[in-house]
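All remarks here apply to the structure that follows.
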Amino acid sequence: MGNRSKKDEGFLYRLLPVLLSLGVVALLVVLAAGFLQAIRERDFVDQLAREYLLIMETEGYLSAGRQEELTASLTQAGLGGISLDGTTVTEVSYGDRITLSISGTLPQTILGRSNLSWDLPVSIHLSSTAKQ
């Protein structure tokens, strides 16, 4: 009988690293999924910024109506604390420099848990020339 318990102990000691490794891999998969979601959200905000910069190129500035549209789209994308400070909001002449500046935060959570959350800062500064 004494022989058998040593055999069982050996089995547990060999199984422990495998179980620990599986736990670490599962944790990394969950973290990676959370970070990939953050990257997707950030890319969507970047895409909105590029879209509105093209609009600004043709209109010569970001009008009040377009500011409201952009802010609503960014809010819908999950961006909070939105600031457009530094954005060209008065019409400029053909060939003049226009700038679109967006800043805010994207709230992030892991597995929807509030104690595993953080705010991802977003700061986008794009510049081009007016072509209207």
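- Residues meeting the side-chain contact (heavy atoms from CB on, under 4.5 Å) test with Leu120, sequence neighbours left out: Ala38, Leu106, Gln108, Trp118.
- Scored by the side chain to side chain donor-acceptor pair (under 3.5 Å) test, Thr105 finds no partners at all (sequence neighbours excluded).
- Hydrophobic clustering (side-chain heavy atoms under 4.5 Å, transitive across Ile, Leu, Val, Met, Phe, Trp, Tyr) keeps Leu48 apart from Val89.
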What donor-acceptor contacts under 3.5 angstrom involve side-chain atoms of residues 17-34, with partners at least two apart or in another chain?
residue : atom : partner : partner atom : Å
Ser21   : OG   : Pro17   : O            : 2.8

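- For Asp46, the salt bridge (Lys or Arg N to Asp or Glu O under 4.0 Å) criterion is met by Arg42, not counting sequence neighbours.
- With rounding to the nearest 0.5 angstrom, the OG1 atom of Thr99 is 11.5 Å from the CG atom of Leu62.
- Put simply, CG on Leu74 and OG on Ser103 are 10.0 Å apart, with the number rounded to the nearest 0.5 Å.
- The shortest heavy-atom contact between Leu79 and Gly104 is CD1-C, 3.8 Å.
- Remark: Asp43 pairs with no residue by the side chain to side chain donor-acceptor pair (under 3.5 Å) rule, at least two apart or across chains.
- Gln37 meets the side chain to side chain donor-acceptor pair (under 3.5 Å) test with Arg40, Glu41; sequence neighbours excluded.
- Nearest approach of Pro107 to Asp119, heavy atoms of both residues: CA-OD1, 3.5 Å.
- Residue Tyr61 shares its hydrophobic cluster (ILVMFWY side chains chained together at separations under 4.5 Å) with no other residue.
- The side-chain contact (heavy atoms from CB on, under 4.5 Å) test applied to Thr75 returns Thr71, Ile82, not counting sequence neighbours.
- To the nearest 0.5 Å, atoms CD1 (Ile102) and CG (Asp85) are separated by 12.0 Å.
- The salt bridge (Lys or Arg N to Asp or Glu O under 4.0 Å) test applied to Arg50 returns no partner, not counting sequence neighbours.
- For the 3.5 Å distance criterion, the side chains of Ser123 and His125 qualify, holding a donor opposite an acceptor.
- Judged as a side chain to side chain donor-acceptor pair (under 3.5 Å), and not counting sequence neighbours, the contacts of Glu69 are Tyr52, Arg66.
- Atom-to-atom distance recorded for Ser128:OG and Met56:CE is 9.0 Å, nearest 0.5 angstrom.
- Among residues two or more places apart in sequence or in another chain, the side-chain contact (heavy atoms from CB on, under 4.5 Å) test is passed with Ala130 by Val92, Ile98, Gln132.
- Annotation: side chain to side chain donor-acceptor pair (under 3.5 Å) contacts involving residues 86-95, sequence neighbours excluded, are absent.
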